[in-house]
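For reference, the structure discussed in these notes is given below.
For reference, positions follow the sequence shown, starting with 1.
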Amino acid sequence: MKPVWQALAWTSGVIGAAITGAAVGAAAHSTRAAVQRKGEEAFVEEPLGRLQPDRHSTVAADDGVPLSVQEIGPASGGDPALTVVFVHGFALDSRCWHFQRRDLPELLGPKTRLVLFDQRSHGRSGHSSKKNSTIDQLGRDLDAVLRAAAPRGPIALIGHSMGGMTIMALAEQNPKLFADRVRAVALIGTSAGQLGEAGLPRTWLSRANPVPRGLALLSELNPGLVERTRKMGDRLAWSIIRALSFGDRKVPPAVVDLMAEMIGATTVEVVTDFLETISLHDRKKALAALNTCEVLVLSGDVDKLTPYSPHAEVLAGELPDATLVKVEGAGHPVMLERPGLVTDQIVSLLRRATGMKFKKGTGS
């Protein structure tokens with residue numbers, strides 16, 4: 001039986017790839033070194049994932065799970081025009097917003113205050129029960145973070161992948177918040193539903209596929225064994241992460257390293273706990289609450305997890321006043337792969353939301 005268990009555990013990496021765009025495992029350093037020797041290294045001096053907040057706090061979710069929250073004020077001081085809240089995706093954490101959290105505090109028009117947090121069972125936040133590993137619960141978690149870290153004033157919500165789904169869940173639960181306080185929403189590499197209809201999730205979210213459900217059972221029976229034996233796939237992990245996550249094979253190895261670190265910290269138990277809620281996600285009707293906001297829908301055109309067609313196109317169809325941006329050659333974690341473009345689009349969104357007009361080519 002041991003080879004079967006090992007095969008199932010290694011397959012958890014593939015499930016991670018199908019859901020998040022990467023394999024669940026550590027970086028294969030020999031593969032990374034080969035890429036680095038080709039001269040593709042960049043960001044050598046960049047403290048990727050190591051930026052420190054002005055304030056760190058813990059917010060208790062309604063079921064008691066502790067959520068790790070960071071706050072960053074405007075670099076120039078003074079009062080911000082709005083608070084920008086970043087919501088990361090599945091198997092990642094708040095470090096995925098590195099470039100946006102680095103650059104947006106420098107913005108002068110409008111001045112922004114940033115709030116970033118790790119979703120339950122991710123990053124530095126507490127572990128959730130399987131029962132509460134749902135997108136509905138994530139919506140309530142976001143509400144708790146807003147009440148604690150952004151209790152007043154205008155808000156912008158920026159969500160990637162499952163983070164975008166979290167925003168949709170909140171809109172479904174509390175549409176009045178969007179009418180009263182939410183001025184802008186960015187939906188990046190995400191979907192309103194039917195994730196199993198296209199891309200890699202089509203296979204792995206299918207109820208006809210016994211492997212994900214077998215892994216869920218195995219991780220419940222012996223999670224330690226699954227975590228140990230999944231390391232068998234680590235020699236391939238770095239290459240799989242780069243191939244499935246990113247559209248451009250020239251993405252700097254340091255960025256792939258950051259993806260590998262975030263994904264490697266996500267256990268197989270967490271991956272399988274969220275499978276059902278991701279497969280059942282359907283919130284087209286909730287999008288109506290966003291009609292009072294400025295909305296940006298942005299996706300890479302080679303995103304293998306939430307393909308631009310149909311997912312971004314469906315969102316834009318439900319939100320006809322939204323700004324739709326297709327990023328050529330980019331994959332799923334587009335905010336890491338095309339950070340300058342994504343930040344520029346977020347800045348434009350915030351300026352539309354605050355009524356600020358800047359001529360092209362003007363400074364921040």
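- Taking a cutoff of 4.0 Å between a charged side-chain nitrogen and a carboxylate oxygen, Glu172 and Lys285 do not qualify as a salt bridge.
- Leu315 places a side-chain heavy atom less than 4.5 Å from the side chain of Met168.
- Interatomic distance, CZ of Arg113 versus CD1 of Ile155, reported as 9.5 Å (0.5 Å rounding).
- Residues meeting the ring pair (Phe, Tyr, Trp, His ring centres under 6.0 Å) test with Tyr308, sequence neighbours left out: none.
- Both Leu142 and Val59 are members of a single hydrophobic cluster when ILVMFWY side chains are connected at heavy-atom separations under 4.5 Å.
- Applying the salt bridge (charged side-chain N to carboxylate O under 4.0 Å, His left out) criterion to Asp344, with sequence neighbours excluded, gives no partner residue.
- Between the side chain of Ser68 and the backbone N or O of Asp118, no donor-acceptor pair lies under 3.5 Å.
- Between the side chain of His122 and the backbone N or O of Ala91 there is at least one donor-acceptor pair closer than 3.5 Å.
- The two residues Phe90 and Val271 have their closest heavy-atom pair at CZ-CA, 3.5 Å.
- Here the CG-CG distance, from Leu48 to Leu258, works out to 5.5 Å after rounding to the nearest 0.5 Å.
- Hydrophobic cluster membership differs between Val314 and Ile278, with clusters built from Ile, Leu, Val, Met, Phe, Trp and Tyr side chains linked at under 4.5 angstrom.
- Summarising the geometry, atom CG belonging to Leu187 is positioned 11.0 Å from atom CG belonging to Leu324; distances are rounded to the nearest 0.5 Å.
- Under the side chain to side chain contact (heavy atoms under 4.5 Å, CB included) criterion, Gln100 pairs with Phe86, Trp97, Leu104, Met335, Pro339, Val342, Thr343, Ile346, sequence neighbours left out.
- Of the options Asp282, Leu170, Thr277, Leu280, a side chain to side chain contact (heavy atoms under 4.5 Å, CB included) to Ile135 is made by Thr277 and by none of the others.
- At distances below 3.5 Å, not a single donor-acceptor pair connects side-chain atoms of Arg120 with backbone N or O atoms of Leu138.
- A donor-acceptor contact shorter than 3.5 Å links the side chain of Thr190 to the backbone of Ser161.
- Summarising the geometry of His127 relative to Val65, their closest heavy-atom pair is O-CG2, 3.9 Å, with the distance given to 0.1 Å.
- Proximity of a side-chain donor or acceptor of Gln119 to a complementary backbone N or O of Val87 within less than 3.5 Å is not detected.
- Contact detail for Pro66 and Thr58: the closest heavy-atom pair is CB-CG2, 3.5 Å.
- Glu106 and Ala75 make their closest contact through OE2-CB, 3.6 Å (heavy atoms, listed as atom of the first residue, atom of the second, distance).
- A donor-acceptor contact shorter than 3.5 Å is absent between the side chain of Ser133 and the backbone of Phe274.
- With a 4.5 Å cut-off on side-chain heavy atoms, Asp321 and Val295 do not count as touching.
- The backbone N or O of Ser121 lies less than 3.5 Å from no partner atom in the side chain of Ser128, so there is not a single donor-acceptor pair.
- Of all heavy-atom pairs between Phe178 and Ala171, the closest is CE1-CA, 3.3 Å.
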Output, in order, the C-alpha distance, side-chain angles, deciding distance and verdict of side-chain contact (heavy atoms from CB on, under 4.5 Å) for Val182 and Ile167.
CA-CA 11 Å; Val182 179; Ile167 294 170; over 6 Å; no
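- The structure places OG of Ser57 at 5.0 Å from CD of Glu71, a figure rounded to the nearest 0.5 Å.
- Between Ala60 and Ala144, the shortest heavy-atom distance links the atoms O-CB, 4.2 Å.
- A side chain to side chain contact (heavy atoms under 4.5 Å, CB included) with Val270 holds for exactly one of Thr272, Val268, Thr267; it is Thr267.
- Note that the SG atom of Cys96 and the CZ atom of Arg101 stand 11.0 Å from one another [nearest 0.5 Å].
- Residues forming a salt bridge (charged side-chain N to carboxylate O under 4.0 Å, His left out) with Asp136 (at least two apart in sequence, or on another chain): Arg283.
- The salt bridge (charged side-chain N to carboxylate O under 4.0 Å, His left out) test applied to Lys176 returns Asp180, not counting sequence neighbours.
- Of the possible donor and acceptor atoms, one in the side chain of Glu337 sits under 3.5 Å from a partner among the backbone N and O of Gly247.
- Remark: Asp93 pairs with Arg95 by the salt bridge (charged side-chain N to carboxylate O under 4.0 Å, His left out) rule, at least two apart or across chains.
- In summary, Asp63 and Lys131 do not engage in a salt bridge, as defined by a charged side-chain N under 4.0 Å from a carboxylate O.
- Here the CG atom belonging to Asp103 is positioned 8.0 Å from the NE2 atom belonging to His98, to the nearest 0.5 angstrom.
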Run the numbers on Thr323 and Leu349 for side-chain contact (heavy atoms from CB on, under 4.5 Å), then give the verdict.
CA-CA 9 Å; Thr323 298; Leu349 172 71; over 6 Å; no
Gln70 and Arg124: side-chain contact (heavy atoms from CB on, under 4.5 Å), yes or no, with the steps?
CA-CA 11 Å; Gln70 301 175 56; Arg124 293 192 290 182; 3.8 Å; yes
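- Under the 3.5 Å distance criterion, the side-chain polar atoms of Thr112 are left unmatched by any main-chain donor or acceptor of Leu107.
- A donor-acceptor pair is defined here as one N or O able to donate and one able to accept, closer than 3.5 Å; no such pair exists between the side chain of Lys326 and the backbone of Ala312.
- Taking 4.5 Å as the limit, some side-chain heavy atom of Pro333 sits within range of a side-chain heavy atom of Phe246.
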